[in-house]
Amino acid sequence: MTHGISRRAVLRAALGAGIASPLLAGCGALTPASGKPGALSVHTQLSGAVAGARVFADAVAAYERRTSRTVALLKNGSDLPIVFETSSLAGAEADVALVNLQGRTLSWTGLGATIPVTGLLDDWGLREQIIPEAVAEWTDGSGNVRAFPFTRTNWPVSFNTRLLEQAGVGIPTTSDDLIVAAEALRAKGIGPVTVGGSDWSGQKLFLQIIQGFLTAEESKRVFASGKLSESAGALAGVEHFVELRDAGVFIDNVQGYTSDSELTQFNTGKAAIVPAMSSALAKVPADRAREVVVGGWPKPSRGGVLDHPSVIRSYNGHGIWISENGAKKLDLVQPFVQYLYSDEVTDAMILGSGRDMSRVTDTLSTDFPLVAQASRLTSAQVSPVMLPDLIIPQSAFEPMIQATATAYGPVSVERIVDVFEKAYATA
């Protein structure tokens, strides 16, 4: 079909020459599941040790038993977007994909790799079941809802009160408090703030700290352009980051840590403070969780724009995307998607894995108390700031992570700004 050829040509151009061919060899498993009559193939990032993977797999198994329909789960982690894209070029993509809205996936609906679900939200009776802000965040500039928002992101800061008390300090709510706490913790041989300085977790904290000096609209402009040097607020934010870094707020050798090692350090009591998304907090052991209070990143003591400590909040967690193959099977996709938004599955995801969901619900986690704490944080306690992933251009996403990693090393404000802006310019 001409439409299929055009779609694949556009996707191939977007992927870039030489990328698709090697990966297509690994996509053969997608074809049989898509081709079986009455079967669905679901390509998911909810797999392995990811929070919610087991609960999701169990829910799918229950659906298969009740309906006698086959649902093949195809699993990838961070490489799912490119595997999905390359399989789409061959017409062998899964019918449904569960993947985050960031980077490569931002362009999927516009390229025709997935279909907009704008009308299906109403036709399938799901619009009223999903938090309105989630629908808005998943809507592109043309008014198309890219996919059904499923999980969401709540990114608070966790404080080990036992370690803070051991150092003789309380939970810091301002940057001055944080510097004092870091000095006291170090004097007791305890690491202050642990974060993955070498990866995306460090990137998120760097951008969160900058937002202490930016309004929401200024943040959008800065992260879309990468021009830190053209924003007085952004420059003040970088200067503030360097002030905190040089005051010893972050653990030693922080630029060598990852999101996994930061959580290990916190869980083993080697560091007192960690900024981590709520799905990671579900992995904090019960004995450690009893020592922890969840809050926000301390606000700037001088010159900032925030009323309270900050928390990153977004709805760009996993979405349920429908591919072009899936568009031919809407009679099968519809009941499966509706099932995923049932009270049963929503409650299982929250209670069994500690995930925050985009579905409207009053259910709070009982076995994951830190996730529940984070869900209960109000505007009187924390100031929400944006997750820049939806603003950062796709081509700059990975280079910018490398640039922010530089900031955790002993470099100047000018050097940080230069590397950051070059990451945008060369992407």
Side-chain angles (χ1 to χ4, degrees), residues 26-88 90-101 105 108-109 113-117 120-121 123-126 129-130 138 146-151 279 317-353 355 357-359:
C27 297
L30 301 182
T31 305
S34 296
K36 288 181 181 178
L40 278 179
S41 55
V42 178
H43 201 172
T44 177
Q45 282 184 322
L46 289 173
S47 61
V50 171
R54 182 70 264 164
V55 175
F56 180 75
D58 289 346
V60 171
Y63 178 81
E64 290 183 298
R65 289 193 299 270
R66 295 175 192 178
T67 63
S68 298
R69 291 173 176 164
T70 300
V71 180
L73 289 183
L74 313 164
K75 302 172 182 179
N76 282 103
S78 59
D79 58 340
L80 187 153
I82 195 166
V83 173
F84 180 87
E85 288 177 356
T86 52
S87 61
S88 182
E93 78 275 10
D95 304 315
V96 173
L98 265 79
V99 61
N100 294 347
L101 178 64
T105 66
W108 278 3
T109 304
T114 56
I115 67 168
V117 303
L120 299 180
L121 277 171
D123 295 344
W124 295 358
L126 295 176
Q129 295 188 38
I130 300 173
W138 281 77
R146 298 175 172 98
F148 300 100
F150 191 54
T151 67
S279 59
H318 302 93
I320 305 170
W321 308 69
I322 301 176
S323 72
E324 194 162 277
N325 280 335
K328 302 169 187 174
K329 301 180 179 181
L330 290 183
D331 59 326
L332 298 177
V333 175
Q334 177 179 349
F336 178 70
V337 173
Q338 289 172 324
Y339 168 72
L340 293 182
Y341 284 96
S342 66
D343 291 342
E344 173 189 353
V345 174
T346 300
D347 288 352
M349 290 292 291
I350 294 172
L351 298 175
S353 67
R355 279 282 181 181
M357 306 302 291
S358 287
R359 191 193 188 283

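Along the sequence shown, residues are numbered consecutively beginning with 1.
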**Q.** Chi angles and distances behind the side chain to side chain contact (heavy atoms under 4.5 Å, CB included) call for Leu98, Val42
**A.** CA-CA 7 Å; Leu98 265 79; Val42 178; 3.9 Å; yes

Q: Go through the steps for Val345 and Phe56 under the test side chain to side chain contact (heavy atoms under 4.5 Å, CB included), then give the verdict.
A: CA-CA 8 Å; Val345 174; Phe56 180 75; 5.9 Å; no

Q | Leu46/Arg355 under side chain to side chain contact (heavy atoms under 4.5 Å, CB included): CA gap, chis, key distance, verdict | A | CA-CA 11 Å; Leu46 289 173; Arg355 279 282 181 181; 3.9 Å; yes

Q: Please step through ring pair (Phe, Tyr, Trp, His ring centres under 6.0 Å) for the pair Trp124 and Tyr341, ending with a clear verdict.
A: CA-CA 11 Å; Trp124 295 358; Tyr341 284 96; 9.9 Å; no

Q) Would Ile350 and Met357 count as a side chain to side chain contact (heavy atoms under 4.5 Å, CB included) if you check the C-alpha gap in whole Å, the side-chain angles of each, and the deciding distance to 0.1 Å? A) CA-CA 7 Å; Ile350 294 172; Met357 306 302 291; 3.6 Å; yes

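With sequence neighbours excluded, no residue satisfies salt bridge (Lys or Arg N to Asp or Glu O under 4.0 Å) with Asp123. Take Gln338 and apply the side chain to side chain donor-acceptor pair (under 3.5 Å) test, not counting sequence neighbours, and it matches no residue. Evaluation of the side-chain contact (heavy atoms from CB on, under 4.5 Å) rule for Asn76 yields His43, Asp79, Leu80, Val83 as partners, not counting sequence neighbours. Residues satisfying the side chain to side chain donor-acceptor pair (under 3.5 Å) criterion with Arg66, sequence neighbours excluded, are Glu344. Shown here are the side chain to side chain donor-acceptor pair (under 3.5 Å) partners of Thr151, two or more places apart in sequence or in another chain: His318. Applying the side chain to side chain donor-acceptor pair (under 3.5 Å) rule to Thr114 yields the partners Thr109; only residues at least two apart in sequence or on another chain are considered.
One distance of note links OG of Ser358 with CD of Gln129; it measures 12.5 Å at 0.5 Å rounding. The distance from atom NZ of Lys328 to atom CD1 of Ile322, rounded to the nearest 0.5 Å, is 14.0 Å. With rounding to the nearest 0.5 angstrom, the CG atom of Leu74 is 9.0 Å from the OG atom of Ser87.
Side-chain contact between Glu85 and Trp108 is present, with at least one heavy-atom pair separated by less than 4.5 Å. Residues Leu73 and Val60 meet the side-chain proximity criterion, which asks for heavy atoms closer than 4.5 Å. Residues Lys75 and Thr44 meet the side-chain proximity criterion, which asks for heavy atoms closer than 4.5 Å.
A salt bridge between Asp343 and Arg359 is present, with a side-chain N of the basic residue lying under 4.0 Å from a carboxylate O of the acidic one.
Nearest heavy atoms, Ala147 versus Gly319: CB-C, 4.5 Å. A pairwise comparison of heavy atoms in Ala94 and Phe84 identifies O-CE1, 3.9 Å as the closest pair. Scanning both residues, Pro335 and Leu330, for their nearest heavy atoms gives CD-O, 4.4 Å.
Panel note: side chain Lys329, backbone Gln334; no donor-acceptor pair is recorded below 3.5 Å. One N or O on the side chain of Asn325 and one on the backbone of Glu93 form a donor-acceptor pair closer than 3.5 Å. Panel note: side chain Gln45, backbone Asn100; a donor-acceptor pair is recorded below 3.5 Å. Here the side chain of Ser353 pairs no donor or acceptor atom with the backbone of Ala51 at under 3.5 angstrom.
With Phe150 as the fixed residue, the side-chain contact (heavy atoms from CB on, under 4.5 Å) test singles out one of Val99, Ile320, Ile130, Thr346: Ile320.
Classified by interplanar angle (parallel below 30°, tilted 30° to 60°, perpendicular above 60°), the ring pair Tyr339/Tyr63 is tilted.
Ring pair Trp321/Phe148: centre-to-centre distance not below 6.0 Å.
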